[in-house]
Amino acid sequence: MENKLSRRSLLQAAAAVPILTAASATTGATAASAAPASATPSGGRPDPADPRFTIAVLPDTQYLLDDGGSDAEPVRATLRHLVREQARDNIVFMAQLGDVTEHGTATEMRAASRAFDAAGRLSYSVLAGNHDVSGDDQRGDTPYLRTFGPQRFARMRTYRGSSPDGYNSYHVVQGGGREWLVLALDWRVSDAGLAWAQGVLDEHPLPAVLTTHDLVWAEGDGKAHLSDNGQRLWDRLIRRNDQIFLALGGHYWPSGRTTMTNDAGNPVHLHITNYQDRYYGGAGMIRYYAFDLARGVIDVETFSPWLLGKDDRTPLEAEHVELSGDVDRFTVDIDFDERFAAFAPPLLPAPLPPSAVMPRGTVAYWRFDEAGLATAVADGAPVAPGTVARDLTGNGNDLTSELLHASAPAALTWSAEHHDAQPARASLRFDGGKGPDRGAVLRTGPDAPVNSAKFESGYTIETFLKLPEPFEGDHSWMGILSWEGRAGDAGKHSGWSDDEPTCSLNLSGERFLQFVVYPVPVDADPTSWSHAIPVGRWMHVALVNDGRHTVMYVDGSKIVRNAAEESRGISTLGKPFAIGGTQSAERYGQGFYGWIGDTRIVSRALRPDQFLTSRRR
């Protein structure tokens with residue numbers, strides 16, 4: 001009976017198996033067999049838009065498909081697992097690395113074909129290794145070609161074509177909202193094959209994963225080196241094509257990895273994956289390359305679905321359920337957008353006109369592109385004191401720039417940097433600091449309507465921020481935006497200080513966002529705190545009040561430390577609203593240090609799908 005536990009629960013169970021002796025193994029007293037089988041989703045299609053997706057890699061299976069004595073069940077179990085978990089693990093493709101069989105005979109290839117029938121609708125590639133064929137890709141007809149030639153892949157959604165000889169193929173894979181190229185190359189690519197591969201790369205400027213059988217070999221410590229054939233591929237193809245960021249091979253053991261620098265100065269990760277020397281000819285080991293575009297990593301893990309599916313494992317089987325050495329389980333760090341910017345820049349949403357982002361109840365909307373600034377400024381140029389940032393609602397809440405404490409003009413500059421989802425393609429760069437205090441602010445005039453708005457029925461305040469990397473200097477407790485009224489003047493004395501602004505968004509020395517507000521009806525200062533926000537990365541911050549409580553969102557996610565006290569309205573006192581700092585006791589301290597983009601105030605609580613980052617209008 002097929003085991004229905006998920007891969008993760010089985011791995012956890014395997015880790016807990018107390019198998020110490022053969023006697024204990026024969027009793028079947030394992031954590032896996034004792035654990036109740038819970039119903040889990042299975043099957044289904046992968047999600048091409050999910051930023052987390054998996055490319056599975058199946059290395060040499062030759063000892064499991066051998067005329068001289070074999071067992072194809074581990075291969076079938078692996079392929080059934082990939083089909084069953086395709087949706088759960090978001091498996092978008094499976095790449096086999098050659099040496100499918102031991103001798104490449106017609107009989108062995110028929111057995112391999114039957115085993116691969118278990119892959120169902122899963123998209124995959126199978127390339128030839130030296131045990132499947134001989135010579136280079138101009139060898140002509142072989143049992144391998146009749147089994148795993150172009151006709152095998154023609155109906156797959158990912159398949160795009162093969163070289164004229166049929167031994168090299170390529171697939172275009174959907175994952176993380178973009179396309180990826182997989183090149184499956186013969187174990188000995190001829191000059192004609194290399195020319196074909198170059199043509200594919202030229203016609204498809206996509207991030208590329210190259211798979212072949214003979215690429216690198218590894219020392220006992222896992223340090224990999226190019227083989228003779230790998231050196232030829234490196235010199236003739238890989239190093240010249242910046243698209244290829246990951247190259248995978250089998251053939252040799254032990255497994256290993258290395259990173260080399262291509263002609264564009266970018267890293268290329270080269271890995272050898274092969275477990276035929278391990279128990280049961282590798283036991284159908286599969287390697288997951290789990291791409292996570294949100295974290296900028298590829299998480300790699302290696303395990304045997306066949307062994308995972310066993311209820312009673314012997315000690316040797318339990319030892320090989322999952323491999324956790326440095327060459328079998330590791331993480332590759334990749335800034336995907338930066339790495340692929342030269343040939344496949346990310347598709348960003350188009351800028352939006354102001355009219356598209358001013359829903360009912362919009363009190364004020366400021367942006368710093370040509371629509372928002374009354375005076376054009378070049379990228380990196382100072383924004384002169386007195387420059388006006390228009391309130392694009394027409395409600396009269398224009399902001400005017402002002403340097404603090406005789407700061408230099410460079411304390412406020414215009415920038416073309418912006419959050420990818422920001423409606424405008426511009427921001428202001430604030431260079432605030434302490435010792436001495438310096439910075440800049442933009443303030444409303446004395447008669448601006450937003451100065452006196454109470455927002456007792458609710459409000460949403462949004463802005464885009466980015467902190468510099470490295471985050472250098474003395475920048476403790478800087479203000480981001482505020483109303484200038486004093487808590488004491490509003491009759492609020494329960495807070496930290498009577499001089500504290502009646503409403504402000506600040507950044508602590510530990511880079512925690514703090515939103516503190518003095519409500520209209522009570523003497524209290526409900527305060528929300530974020531986590532420590534990152535440097536060098538744009539983020540969207542929203543403060544949402546429904547007339548009772550305030551919730552802070554960072555990048556559309558609710559933070560945990562939201563104020564428990566009831567909070568209705570803002571004690572604004574008719575004082576100006578400011579961006580770039582907070583005032584205390586009639587004096588600004590340090591100004592903000594970093595970038596601020598589009599900022600909007602709406603007189604009602606918005607849902608996350610209505611924020612400035614949303615394209616649902």
Side-chain angles (χ1 to χ4, degrees), residues 348-358 364-433 437-445 448 450 462-469 471-473 475 478-482 505 507 535-541 576-582 588 590-601 612-613:
L348 301 180
L352 293 173
S355 60
V357 289
M358 292 191 291
Y365 175 46
W366 303 282
R367 55 197 273 173
F368 309 114
D369 59 359
E370 59 184 13
L373 281 186
T375 305
V377 186
D379 192 14
V383 175
T387 298
V388 173
R390 292 182 285 253
D391 171 13
L392 295 171
T393 66
N395 291 333
N397 299 302
D398 293 351
L399 300 170
T400 302
S401 65
E402 174 186 336
L403 294 175
L404 301 174
H405 318 304
S407 296
L412 182 64
T413 55
W414 188 84
S415 175
E417 290 204 37
H418 56 83
H419 189 289
D420 287 348
Q422 186 176 294
R425 295 294 183 257
S427 63
L428 295 180
R429 171 68 156 84
F430 294 80
D431 191 23
D437 286 344
R438 60 189 183 276
V441 295
L442 289 88
R443 306 167 69 223
T444 55
V450 75
E462 297 177 78
T463 192
F464 292 90
L465 305 173
K466 179 183 174 183
L467 301 181
E469 184 179 23
F471 193 73
E472 296 177 334
H475 299 295
M478 68 177 75
I480 299 168
L481 55 83
S482 71
L505 176 64
L507 187 76
V535 299
R537 191 177 86 190
W538 278 98
M539 70 201 73
H540 171 265
V541 180
F577 175 84
I579 294 175
T582 56
Y588 279 94
Q590 146 177 14
F592 182 66
Y593 178 59
W595 288 262
I596 296 179
D598 292 17
T599 302
R600 181 175 74 175
I601 303 175
L612 284 168
T613 51

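Evaluated for a side-chain hydrogen bond (donor to acceptor under 3.5 Å, both in side chains) with Asp598, the options His418, His419, Gln422 yield exactly one hit, Gln422.
Inter-residue side-chain proximity for Arg425 and Asp369 is flagged as unmet; no heavy-atom pair is nearer than 4.5 Å. Side-chain contact between Ile596 and Leu442: absent, with no pair of heavy atoms (C-beta onward) separated by less than 4.5 Å. Contact of the Asn395 side chain with the Val450 side chain is not registered, since no non-hydrogen atoms from C-beta on lie closer than 4.5 Å. Using a 4.5 Å heavy-atom cutoff, the side chains of Ser415 and Asp379 are in contact. In this structure the side chain of Asp431 never reaches within 4.5 angstrom of the side chain of Thr413, judged on heavy atoms. At least one side-chain heavy atom of Tyr588 sits under 4.5 Å from a side-chain heavy atom of Arg443. Residues Leu428 and Trp414 form a side-chain contact, since some pair of their non-hydrogen atoms from C-beta on lies under 4.5 Å apart. Residues Phe592 and Arg429 form no side-chain contact, since every pair of their non-hydrogen atoms from C-beta on lies 4.5 Å or further apart.
Under a 3.5 Å cut-off, the side chain of Trp366 and the backbone N or O of Asn397 do form a donor-acceptor pair. In this structure, Arg390 contributes its side chain and Asp398 its backbone to no donor-acceptor pair below 3.5 Å. Glu462 contributes a side-chain N or O that, together with a main-chain N or O of Leu612, makes up a donor-acceptor pair within less than 3.5 Å. In this structure, the side chain of Ser401 engages the main chain of Ala384 through a donor-acceptor pair within 3.5 Å. The backbone N or O of Gly597 lies less than 3.5 Å from a partner atom in the side chain of Thr599, making a donor-acceptor pair. Between the side chain of Thr582 and the backbone N or O of Ser482, no donor-acceptor pair lies under 3.5 Å.
Pro382 and Pro409 get closest at one heavy-atom pair: CB-O, 3.6 Å. In plain terms, the two heavy atoms of Trp538 and Trp595 that are nearest each other are CH2-CB, 3.4 Å. Between Gly580 and Phe430, the shortest heavy-atom contact is CA-CE2, 3.8 Å. Arg600 and Val357 get closest at one heavy-atom pair: NH1-O, 2.8 Å. Of all non-hydrogen atoms in Gly439 and Ala411, the two that sit nearest each other are O-CB, 3.8 Å.
To the nearest 0.5 Å, the span separating CG on Leu399 from CZ on Phe368 amounts to 6.5 Å. How far CG of Leu352 is from CZ of Arg367: 7.5 Å, rounded to the nearest 0.5 Å. Rounding to the nearest 0.5 angstrom, the gap separating the CG atom in Leu505 from the OG1 atom in Thr463 is 7.5 Å. Interatomic distance, CG of Asp420 versus CG of Leu348, reported as 4.5 Å (0.5 Å rounding). Summarising the geometry, atom CE belonging to Met539 is positioned 10.0 Å from atom NZ belonging to Lys466; distances are rounded to the nearest 0.5 Å. The CG atom of Leu465 sits 8.5 Å away from the CG atom of Leu507 when rounded to the nearest 0.5 Å.
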